[in-house]
Amino acid sequence: MADLRTVARTFGFLKLAEVIVSIICIALLRGYNLHFGGDVISGSYTDRYMTGTITIGGFLIISLALLASYFYGEAGTYQKLLELIFNFAATIMFFVTGGLVLDYYTSAMAVGAFRGAGKTLGF
């Protein structure tokens, strides 16, 4: 049986917030057709795009799995070290992805109506 009291605990609430933020990022990417910048000719566009999409999508999948383990897991399955490693990696990768997006949408290369949505995605 699912234990919904997990959301009331700090780690459950933060994991739920991470899932919601990741879904909002995916909605911004798809809804506004946003980019991570870079040059198509030199190949940096592909590197930036892969970094951004893997960060957002990958950590959404990991966060959903961890959140489900909180709800349906047996007592004692919460592992602090594993959670710390995932959260540390997610923090670094989300800062890098946000930096890539902000670098592109605050530069002169980004023009158009979606510049505000791009800056929102970066923050």
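Any value given below was found using the heavy atoms of this structure, including those in side chains, with hydrogens, waters and symmetry copies removed. As the structure is a computational prediction, the values presented were derived from the model and not from experiment.
Rounding to the nearest 0.5 Å places CE of Met93 at 5.5 Å from OG1 of Thr51. With rounding to the nearest 0.5 Å, the separation of CG in Leu60 from CD1 in Ile26 is 5.0 Å.
Grouping Ile, Leu, Val, Met, Phe, Trp and Tyr residues whose side-chain heavy atoms lie under 4.5 Å apart, directly or via other members, leaves Leu84 alone, with no other cluster members. Phe95 belongs to no hydrophobic cluster with other residues, because no ILVMFWY side-chain heavy atom falls under 4.5 Å from its own, directly or through intermediates. Counting Ile, Leu, Val, Met, Phe, Trp and Tyr side chains that sit under 4.5 Å apart, directly or through other members, Leu81 shares a hydrophobic cluster with Ile85.
Residues Leu14 and Phe88 do not share a hydrophobic cluster, clusters being chains of Ile/Leu/Val/Met/Phe/Trp/Tyr side chains in contact below 4.5 Å. Both Ile56 and Val101 sit in one connected hydrophobic cluster of ILVMFWY residues. Membership requires side-chain heavy atoms under 4.5 Å apart, directly or through other members. By the criterion of side-chain heavy atoms lying less than 4.5 angstrom apart, applied directly or through intervening Ile, Leu, Val, Met, Phe, Trp or Tyr residues, Leu28 is grouped together with Phe59 in one hydrophobic cluster. When hydrophobic clusters are built by joining Ile, Leu, Val, Met, Phe, Trp and Tyr residues whose side-chain heavy atoms come closer than 4.5 Å, directly or via intermediates, Leu64 is grouped together with Leu66.
Not a single side-chain hydrogen bond (donor to acceptor under 3.5 Å, both in side chains) links Tyr49 to another residue, sequence neighbours left out.
Sorted pairs that involve residues 23-33 and meet side-chain hydrogen bond (donor to acceptor under 3.5 Å, both in side chains), not counting sequence neighbours, are lacking altogether.
Checked against Phe36 for a side chain to side chain contact (heavy atoms under 4.5 Å, CB included), the options Thr55, Thr46, Thr53 give a single hit: Thr53.
Put simply, the side chain of Thr97 never gets that close to the backbone of Phe94: no donor and acceptor are under 3.5 Å apart.
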For residues 16-24, please give each side-chain donor-acceptor pair under 3.5 Å, one per line with the distance, not counting sequence neighbours.
from: Glu18; atom 1: OE1; to: Lys15; atom 2: NZ; distance (Å): 3.2
from: Glu18; atom 1: OE2; to: Ser63; atom 2: OG; distance (Å): 2.9
from: Ser22; atom 1: OG; to: Glu18; atom 2: O; distance (Å): 3.0

